[in-house]
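Reviewing the structure listed below.
Numbering of residues begins at 1 and proceeds along the displayed sequence. These figures come from a predicted structure and were not determined experimentally.
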Amino acid sequence: MSEEKKVFKTTSNIEIKEVYTKAPTEIELPGKFPFTRGIQPDMYRGRLWTMRQYAGFSTAEESNKRYHYLLQQGTMGLSVAFDLPTQIGYDSDHEFAEGEVGKVGVAIDSLKDMETLFDGIELEKITTSMTINATASTLLAMYIALAKKQGADIKQISGTIQNDILKEYAARGTYIYPPKPSMRLITDIFEYCSTEVPKWNTISISGYHIREAGSTAVQELAFTLANGKSYLQAAIAKGLDIDVFAKRLSFFFNCHNNFFEEIAKFRAARRMWAKITKDLGAKDVRAMQLRFHTQTGGSTLTAQQPMNNIVRVGTQALAAVLGGTQSLHTNGFDEALSLPTEEAAKIALRTQQLIAFESGVTETVDPLAGSYFVEELTDTIEAEAWKYIDKIDAMGGSVNAIEQGYIQEEIASASYEYQKDIESGARIIVGVNKFTEPAKPLEKVFRIDDSIRIVQSDKLKKLKAERNQVDVDNALAVLKQHAQGTENLMPDIITAVEAYATLGEIANTLRDVFGEY
């Protein structure tokens with residue numbers, strides 16, 4: 001009886017051959033359309049990726065201390081995590097906020113909190129990425145208002161808001177309003193920032209959370225680019241110039257453990273986005289370039305033997321760099337158990353610095369180009385992703401595909417198959433279903449006290465007693481009136497923020513007009 005041949009596959013079910021021998025027909029130069037090899041001719045020889053560390057917890061005061069610590073350790077940009085009430089438009093004293101204040105990110109209830117969050121940090125001298133979606137317009141308004149108070153030229157401040165509501169409906173769940181008014185807020189931000197804050201990246205179209213929800217690499221790529229295409233079409237329908245606003249779009253991808261699949265995914269993403277933007281009328285090559293931030297895979301971290309996560313994160317970070325990322329966040333080894341301790345955050349940052357300054361992989365552009373395996377895998381991932389995008393286009397685009405439940409069902413099915421493979425042992429997770437040992441608790445675990453809600457509620461009482469309530473009421477009344485029409489809402493939200501209206505008050509004003517989803 002002949003021995004059964006073992007089949008090797010990627011997470012996207014692409015079969016891996018024993019050996020690859022076919023050379024690619026053509027390998028273009030880096031910095032040239034369609035940018036498979038990178039968007040810059042010299043890539044990291046000219047400038048390293050931005051080393052970000054995602055942080056935010058408890059109060060603005062506590063998060064501010066962590067930011068100063070990270071900047072002292074060599075972080076090149078800040079990345080802000082907000083707590084769940086902030087993400088879904090509730091102030092810390094709201095009954096729905098109980099048990100969640102300051103837990104998965106920092107609590108920001110008003111401009112006063114934003115002032116504390118960035119105390120001692122000049123916004124004109126750093127870039128800031130904010131992982132915020134449903135309330136992105138309000139948090140961006142607070143950031144702009146703070147920059148103005150610092151005396152900064154808002155035309156010079158730079159950073160990114162995630163502002164990607166479609167993946168919230170598909171995979172993550174922190175939405176407030178129905179899809180159409182949510183898309184209006186997003187295009188209002190595009191329009192406002194194109195003239196007033198031209199260096200700001202107005203959306204980070206996120207595959208990260210799609211992957212965390214259980215998608216394959218191919219699905220992450222396809223659904224993210226399909227969402228990006230929908231944002232382009234919405235902005236074009238609003239009369240915006242694709243050659244202007246597309247330059248301020250960026251992407252946010254996950255990086256998992258299958259080393260070569262992830263590298264090929266990033267290379268395919270650039271090539272596909274170049275084609276999508278060109279087909280929609282872009283003529284400026286910079287509007288065709290896919291710029292992306294990468295975060296190592298949170299769902300790949302294990303609570304069992306957590307020190308193993310240092311190796312996982314290092315492998316994933318190396319794949320992101322070899323794939324040509326513009327910005328990178330590396331997870332702390334303890335994040336399957338809690339928010340990262342300072343020690344874990346420092347090791348995560350050092351991982352990036354070791355790759356940048358000791359590995360030598362930054363010294364030539366796209367060093368894996370021409371690899372028979374990488375080139376064929378890039379082509380295959382692209383072809384499989386186009387199949388999904390063509391199907392979504394036939395449904396009328398991402399909004400319709402989400403409303404019909406198609407994208408959610410595809411992700412859920414992939415997640416189920418992945419979990420079955422782990423439980424059967426077909427997929428090995430070191431320390432979980434192989435090479436296991438009795439659990440040893442970590443000595444340091446970072447916990448957030450529930451008393452944070454009391455602190456934030458007291459700050460809200462003080463704020464409301466000290467602010468000019470007439471200014472707040474007038475600002476919210478104008479916002480409500482304009483929300484019922486078609487005006488761009490960003491100037492009104494900035495006015496409300498500057499009057500110290502709270503995040504919850506602004507969200508409730510829009511809830512009254514748009515409803516909830």
Side-chain angles (χ1 to χ4, degrees), residues 11 44 48-57 66-67 69-79 81 104-105 129 131 208-209 211-212 217 252-263 265-266 293-323 325 327-362 418 422 427-447:
T11 66
Y44 305 134
L48 290 172
W49 63 92
T50 301
M51 298 180 195
R52 295 191 185 279
Q53 285 306 113
Y54 191 43
F57 56 89
R66 177 66 67 90
Y67 293 156
Y69 171 79
L70 289 170
L71 290 167
Q72 288 163 8
Q73 297 299 320
T75 288
M76 296 150 65
L78 297 176
S79 190
V104 298
S129 174
T131 303
Y208 186 85
H209 305 95
R211 193 68 176 279
E212 291 294 285
F252 174 23
F253 286 116
N254 210 312
C255 198
H256 271 221
N257 289 327
N258 194 306
F259 190 72
F260 290 107
E261 183 178 38
E262 296 302 307
I263 294 165
K265 177 188 76 180
F266 298 134
H293 169 72
T294 308
Q295 182 174 340
T296 55
S299 61
T300 69
L301 302 177
T302 64
Q304 301 91 330
Q305 302 177 33
M307 299 304 283
N308 293 345
N309 294 327
I310 296 173
V311 181
R312 290 188 179 99
V313 169
T315 304
Q316 293 164 11
L318 182 59
V321 170
L322 289 171
T325 193
S327 166
L328 179 60
H329 163 78
T330 32
N331 292 327
F333 65 82
D334 53 4
E335 287 190 66
L337 297 162
S338 69
L339 291 169
T341 58
E342 279 195 358
E343 179 191 19
K346 182 166 72 174
I347 291 171
L349 177 59
R350 293 287 182 260
T351 300
Q352 296 199 48
Q353 291 164 338
L354 285 163
I355 292 170
F357 299 108
E358 294 190 21
S359 71
V361 298
T362 61
Y418 185 84
I422 291 172
R427 185 177 300 279
I428 293 169
I429 308 294
V430 174
V432 175
N433 61 1
K434 195 159 187 174
F435 313 113
T436 58
E437 60 184 35
K440 296 176 186 175
L442 280 179
E443 291 180 14
K444 291 182 184 176
V445 177
F446 195 178
R447 299 288 185 215

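Note: Arg211 CZ to His256 NE2 = 4.5 Å, rounded to the nearest 0.5 Å. Going from atom CH2 of Trp49 over to atom CG of Leu328 covers 7.0 Å, rounded to the nearest 0.5 Å. Rounding to the nearest 0.5 Å places CD1 of Ile355 at 8.0 Å from OG1 of Thr330. Asn308 contributes atom CG, which lies 11.5 Å from atom CZ of Phe333 (distance to the nearest 0.5 angstrom). Rounding to the nearest 0.5 Å gives a distance of 10.0 Å between OG1 of Thr362 and CG of Leu322. Remark: Arg427 CZ to Ile422 CD1 distance equals 7.0 Å, nearest 0.5 Å.
Judged purely by distance below 3.5 Å, without hydrogens or angles, the side chains of Arg312 and Thr302 pair a donor atom with an acceptor atom. Remark: the Thr315 side chain and the Asn257 side chain contain no N/O donor-acceptor pair separated by less than 3.5 Å. Asn254 and Gln295 form no side-chain donor-acceptor contact under 3.5 Å, judged by distance and modelled atom types alone. Ser327 and Thr50 are not linked by any side-chain donor-acceptor pair at a separation below 3.5 angstrom, with hydrogens and angles left out of the test.
With hydrogens and angles ignored, the 3.5 Å screen pairs a side-chain donor or acceptor of Tyr208 with a backbone N or O of Thr296. With hydrogens and angles disregarded, a donor-acceptor distance shorter than 3.5 Å links the side chain of Glu261 to the backbone of Thr11. Under the 3.5 Å distance criterion, the side-chain polar atoms of Asp334 are matched with a main-chain donor or acceptor of Thr341. Looking at Ser129, its side chain never comes within 3.5 Å of a backbone N or O of Ser79 through a donor-acceptor pair. Side-chain atoms of Thr436 do not come within 3.5 Å of backbone N or O of Asn433 as any donor-acceptor pair. Under the 3.5 Å distance criterion, the side-chain polar atoms of Glu335 are matched with a main-chain donor or acceptor of Gly332. Glu437 contributes no side-chain N or O that, together with a main-chain N or O of Gln305, makes up a donor-acceptor pair within less than 3.5 Å. Between the side chain of Gln352 and the backbone N or O of Met51, no donor-acceptor pair lies under 3.5 Å.
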ask   = Between Phe259 and Leu318, is a side chain to side chain contact (heavy atoms under 4.5 Å, CB included) present by the stated rule, with each step listed?
value = CA-CA 8 Å; Phe259 190 72; Leu318 182 59; 4.0 Å; yes

message = Test side chain to side chain contact (heavy atoms under 4.5 Å, CB included) on Gln353 and Gln73; report intermediate values, then the result.
response = CA-CA 10 Å; Gln353 291 164 338; Gln73 297 299 320; 5.8 Å; no

query = Checking side chain to side chain contact (heavy atoms under 4.5 Å, CB included) for the pair Phe357/Leu48: CA distance, chi angles, key distance, verdict?
reply = CA-CA 10 Å; Phe357 299 108; Leu48 290 172; 3.6 Å; yes

message = For Phe252 and Thr294: C-alpha separation, side-chain torsions, deciding distance, then whether side chain to side chain contact (heavy atoms under 4.5 Å, CB included) applies.
response = CA-CA 6 Å; Phe252 174 23; Thr294 308; over 6 Å; no

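By the 4.5 Å heavy-atom criterion applied to side chains, Val321 and Tyr44 are counted as neighbours.
A salt bridge links Lys265 with Glu262; the closest basic N to acidic carboxylate O contact falls under 4.0 Å.
Nearest heavy-atom pair, Pro340 versus Ala345, reported as atom, atom and distance to 0.1 Å: CB-N, 4.5 Å. The shortest non-hydrogen separation linking Ala303 to Pro306 is O-CD, 3.4 Å. Summarising the geometry of Leu301 relative to Asn309, their closest heavy-atom pair is CA-OD1, 3.5 Å, with the distance given to 0.1 Å. The nearest pair of heavy atoms linking Ala319 to Cys255 is CB-SG, 3.8 Å. Heavy atoms only, all atoms of each residue included: Tyr418 and Ile429 are closest at OH-CD1, 4.0 Å. In this structure, Val432 and Gln304 approach most closely via the heavy-atom pair CG2-OE1, 3.6 Å.
Here the options are Thr351, Thr300, Asn331, the test is side chain to side chain donor-acceptor pair (under 3.5 Å), and the partner is Gln316; only Thr300 passes.
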